[in-house]
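Comments concern the structure below.
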There are 2 protein chains.
Amino acid sequence: MARKPAADLPLLLGNQLCFAVYSTAHAFNRAYKPLLDRLGLTYPQYLVMLVLWERDGVPVKDIGERLLLDSGTLTPLLKRLEAAELVKRTRSTEDERQVLIALTSKGQALKEKARAVPEGILAASNCSVAELSAMKNELVALRDRLNVALAE
Amino acid sequence: MARKPAADLPLLLGNQLCFAVYSTAHAFNRAYKPLLDRLGLTYPQYLVMLVLWERDGVPVKDIGERLLLDSGTLTPLLKRLEAAELVKRTRSTEDERQVLIALTSKGQALKEKARAVPEGILAASNCSVAELSAMKNELVALRDRLNVALAE
DNA sequence: GCCAGATATATTGCGCACAATAGAATTGTT
DNA sequence: AACAATTCTATTGTGCGCAATATATCTGGC
């Protein structure tokens, strides 16, 4: 008869935290999509705009460090944001290796429209702020442990 | 003077959990990479193989339902697995719309090498199984709530 | 001042993800 | 039996994400 060997347990999909993270990321992406479509942004573009709304005129590198993304991802993304007239890319005069990203007035203005996004997500998650906050802390701790292990 | 307006707070908090999920997914991907390179698999391919190691000879649709992926993602991925001689794709005789995915002997054999993967991840996460399991359950609950909200 | 190494961005290539669409097979209804 | 609606897979196009590589610029040691 076909048995279900105990040795297979760690290989079972349902046991894997990573798949839970992976599929939750996709679920978030789908939840954000209708909200972000109104802003004309994708989720990674929205993350970049969040960084810039806090402080702009920063080099690509700073954005990459905040979002854990490299230039292979950011360069074309920022060019698309520039094509959409949300940001301006100018090479720094102090250090010509750097490209500084500044918001246009259109990019600044989009911040107001973006205020509706978080509450839309909060509603879709159907969770309390406290629960979400606790989970965020656990995930960040896990993520940082993984990144430390990778750096070794 | 430059103040940090309280009105910006919701723009930060609701987004933070999502970014935590998003960046943890990337960290997992990077953690899996060296382990999966030895198997010649990417992480999504590994997920497909996990499904098939549980039960193979299944239609593409079933795999998509397990992994929450559609044919636009799976068709080319499965063709690459076929090119690597890990699976065989054959159109069902009972229902000619379906393409059934079966493991080759090479695909079956890879399961043994894959047993080392979960413990490698466990080590990198530096967490107890109990902690990981608890987090997995919270995430799955959140993911399912998001998906329910999306279906409405 | 010169050169080696480090730093910042850009480019190329591959593999997801997913929306939109298409096309073939099946099912349900009449 | 005919046909409209549904189901399943494949295709196309866009946008990440990252490894590998390239190029220009800067910095420190001499």
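Note: hydrogens, waters and symmetry copies are ignored here, and every other heavy atom, side chains too, is used. Chain letters run A, B, ... following the sequence lines, proteins first and then strands; every chain starts at 1.
- In terms of polar N and O atoms assigned as donor or acceptor, the side chain of B/Arg97 comes within less than 3.5 Å of the base of D/dT7 in a complementary pairing.
- The distance between atom CD of B/Glu94 and atom P of C/dT26, rounded to the nearest whole Å, is 10 Å.
- Phosphate proximity of D/dC18 to B/Arg30: present, with a side-chain N or O under 4.0 Å from OP1 or OP2.
- Among the protein residues, B/Thr42 comes within range of the sugar-phosphate backbone only, with heavy atoms under 4.0 Å from sugar or phosphate atoms but none that close to a base.
- Note on B/Arg91 versus B/Glu96: no salt bridge recorded, every NZ/NE/NH1/NH2 to OD/OE distance being 4.0 Å or above.
- For C/dA8, the base has no donor-acceptor partner in the side chain of A/Ser71 [N/O atoms by modelled type, under 3.5 angstrom].
- If you check every strand for non-hydrogen atoms under 4.0 Å, A/Glu65 touches nothing.
- Whole-Å rounding puts the B/Ile101 CD1 to D/dT9 P distance at 8 Å.
- Across the interface with DNA chain D, nearest-nucleotide mapping of B/Tyr22 and B/Pro76 shows B/Pro76 to be the residue nearer the 5′ end.
- B/Glu131 and B/Ser128 share a side-chain donor-acceptor pair at under 3.5 Å.
- When rounded to the nearest whole Å, the span between CG of A/Leu36 and P of C/dA19 equals 13 Å.
- Between B/Leu78 and B/Val87, the closest heavy-atom pair is O-CG2, 4.0 Å.
- Residue A/Leu74 is out of contact with every strand shown, counting any heavy-atom pair closer than 4.0 Å.
- As rounded to whole Å, 7 Å separates atom C1' of D/dC8 from atom CG of B/Asp95.
- Taking all atoms of both residues into account, the shortest heavy-atom contact from A/Arg145 to B/Cys127 is NH2-SG, 2.7 Å.
- Looking at the side chain of A/Glu96, the nearest of the listed nucleotides D/dT11, D/dT25, D/dT9 is D/dT25.
- Going from atom CG of A/Leu68 over to atom C1' of D/dC16 covers 15 Å, rounded to whole Å.
- Both A/Gly72 and A/Ser92 lie near DNA chain D, and the one whose nearest nucleotide falls closer to the 5' end is A/Gly72.
- Taking atom OH of residue A/Tyr32 and atom C1' of nucleotide C/dA17, one finds them 18 Å apart after rounding to whole Å.
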